[in-house]
Number of protein chains: 2
Amino acid sequence: MSPTHTGVTTPAELDPCGREDHPDCGIRDVLDRIGDKWSVLVIVELAGGPRRFRELQRAVDGISQRMLTLTVRRLERDGLVLRTVYPTVPAQVDYRLTDTGAGLTHLVKALADWSLAHRTVIAEARHAYDETHPDHDIR
Amino acid sequence: MSPTHTGVTTPAELDPCGREDHPDCGIRDVLDRIGDKWSVLVIVELAGGPRRFRELQRAVDGISQRMLTLTVRRLERDGLVLRTVYPTVPAQVDYRLTDTGAGLTHLVKALADWSLAHRTVIAEARHAYDETHPDHDIR
DNA sequence: CAGAATCCTTTCTGATACTG
DNA sequence: CAGTATCAGAAAGGATTCTG
């Protein structure tokens with residue numbers, strides 16, 4: 001067949017958007033939304049129920065106040081999270097997933113499942129690569 | 001990506017993900033892998049079959065040579081993509097998904113499906129938000 | 001063709017200080 | 001409590017030049 005052919009089965013002919021000119025397919029939309037450093041972690045936390053700002057910050061380990069604000073604002077803007085302000089003193093705010101946002105948790109779960117299922121094989125691949133390419137620095 | 005190295009010396013408060021209601025542990029792994037600007041687009045393109053370097057660059061609109069190199073190297077390192085060098089002159093290289101990488105396309109498809117299914121409702125949410133918060137600049 | 005190496009600009013993040 | 005406003009460092013990405 002070919003010179004250096006290895007045992008890899010031919011990848012399935014699946015086109016995410018069903019189109020031949022394979023545009024963005026809208027995938028970038030989702031990834032721009034959940035692909036950042038914190039969004040998914042916030043969503044996961046909110047999947048456990050409504051949370052207040054400080055609760056979220058304590059739950060999502062390592063997030064700064066600024067990034068939590070930004071993250072939660074974007075999610076709100078996209079209609080994935082509902083922000084409710086109670087006119088108390090001091091102010092009290094809670095965040096919860098909208099139905100749309102809750103639907104996203106299924107995708108997140110799928111990602112987690114895949115990740116866990118392939119964690120070791122990927123780790124091994126990395127290790128093998130790093131051994132084969134000692135000088136090469138990818139990270 | 002994230003400087004977070006999972007697995008090594010796990011602090012007690014960080015659950016190394018054995019539980020069902022705390023699925024975020026492995027998610028970052030996947031997102032660090034496909035959450036960047038180009039990886040998914042490359043994967044989608046490779047889902048259509050093996051591609052050479054230039055083919056990929058032409059197919060993935062807007063990607064620079066540098067980023068294509070980096071992207072494809074990382075995918076190779078993670079064992080998602082197989083890189084084959086043919087000893088011709090000039091050099092000829094092709095990339096194809098490994099079985100692991102091909103499995104990822106299912107996730108990508110799920111992402112695309114979800115994205116397309118919620119594209120309008122999210123767009124409307126954004127629009128509504130921008131109208132309600134004219135002064136606010138999120139993105 | 002398929003990169004590697006540089007340089008430079010943009011974007012992202014975290015730390016800090018301040019407010020209703 | 002729940003933010004806003006700045007600012008500086010880090011990281012990502014792009015453009016260009018140069019090989020085997």
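A, B, ... follow the sequence lines: proteins, then strands. Residue 1 opens every chain.
- Between A:D137 atom CG and C:dA5 atom P the separation is 11 Å, expressed in whole Å.
- Of the candidate nucleotides D:dA2, C:dT6, C:dG3, C:dT6 has the atom nearest to the side chain of B:R66.
- Minimum atom distance to the side chain of B:K37 is reached by D:dG14, of the listed D:dC1, D:dG14, C:dG3.
- Between A:R83 and A:D94 no salt bridge is recorded (no basic side-chain N to carboxylate O distance below 4.0 Å).
- Closest to the side chain of B:R52, from the set C:dA4, D:dC1, C:dC1, is C:dC1.
- Dashed line: the shortest gap from a side-chain N or O of A:R73 to OP1 or OP2 of D:dT4 is under 4.0 Å.
- Looking only at distances, a side-chain donor or acceptor of B:H133 sits under 3.5 Å from a matching main-chain atom of B:Y129.
- Shown here is A:D137, whose CG atom has more than 12 heavy atoms of other residues, nucleotides or ligands within 6.0 Å.
- Using a cut-off of 4.0 Å between Lys/Arg side-chain N and Asp/Glu carboxylate O, B:K109 and B:D113 are scored as salt-bridged.
- Among the nucleotides C:dA4, D:dG13, C:dG3, the one closest to the side chain of B:V93 is C:dG3.
- For the pair B:Q92 CD and C:dC1 P, the interatomic distance rounds to 11 Å; values are reported in whole Å.
- Rounded to a whole Å, the CG atom of A:D36 is 14 Å from the P atom of D:dA12.
- Counting any heavy atom pair closer than 4.0 Å across all strands shown, A:Y86 reaches no nucleic acid atom.
- Taking for each of A:A91 and A:R74 the nucleotide of DNA chain C with the nearest heavy atom, the 5'-most of the two is the partner of A:R74.
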